[in-house]
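Please read these numbers as outputs of a predicted model, since none were measured by experiment.
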Amino acid sequence: MVDQLRVEAPDERAALALVDELRGQHAEIHPGGGEAGCEVVVELDGHPERAIVDALNAVDRWLVQVGVRETSVSLDGHSYTLSAPPPE
């Protein structure tokens, strides 16, 4: 069962902005590993499928908001690279 989504953030300011964008979901900032300055861990409580969709939509908005071109996301033991959506 998937219970956490992990998102790399370049620094604490960006991590705080992501936590704010994830309003309504339980998210915590942890020290990052590798190239990440921080990691935001999102608990996927309740309906995990809905929580994943909501969290990924928040990550898309966050990428644009903070001007980050891409980030690494870990889910269910797999790592993915998410790119910022193209400007409208």
Separation between [atom1] of [X] and [atom2] of [Y], rounded to the nearest 0.5 Å:
| X | Y | atom1 | atom2 | answer |
| --- | --- | --- | --- | --- |
| I52 | N57 | CD1 | CG | 12.0 Å |
| E39 | E8 | CD | CD | 6.5 Å |
| D60 | Q65 | CG | CD | 12.5 Å |

Set of side chain to side chain donor-acceptor pair (under 3.5 Å) partners for T71, sequence neighbours left out: none
Who are the side chain to side chain contact (heavy atoms under 4.5 Å, CB included) partners of I29, not counting sequence neighbours? A15, L16, V19, C38, V40
Take L5 and V7 through the side chain to side chain contact (heavy atoms under 4.5 Å, CB included) test and state the conclusion after the steps. CA-CA 7 Å; L5 176 77; V7 182; 4.2 Å; yes
Show me the donor-acceptor pairs, under 3.5 Å and distance only, between side chains in residues 80-87 and residues at least two apart or in other chains.
none

With sequence neighbours left out, what residues match R23 under salt bridge (charged side-chain N to carboxylate O under 4.0 Å, His left out)? E21
Check whether any side-chain heavy atom of R13 sits under 4.5 Å from a side-chain heavy atom of V66, and report yes or no. yes
Nearest heavy-atom pair of W62 and A17: which atoms, and what distance? CD1-C, 3.8 Å
What pairs of residues pass the salt bridge (Lys or Arg N to Asp or Glu O under 4.0 Å) test when at least one of them lies in residues 62-72, not counting sequence neighbours? none
Per-pair distances, 0.1 Å, donor-acceptor, side chain in residues 41-50, under 3.5 Å, sequence neighbours excluded:
residue: E43; atom: OE2; partner: Q4; partner atom: NE2; Å: 2.9
residue: R50; atom: NH1; partner: D54; partner atom: OD1; Å: 3.2

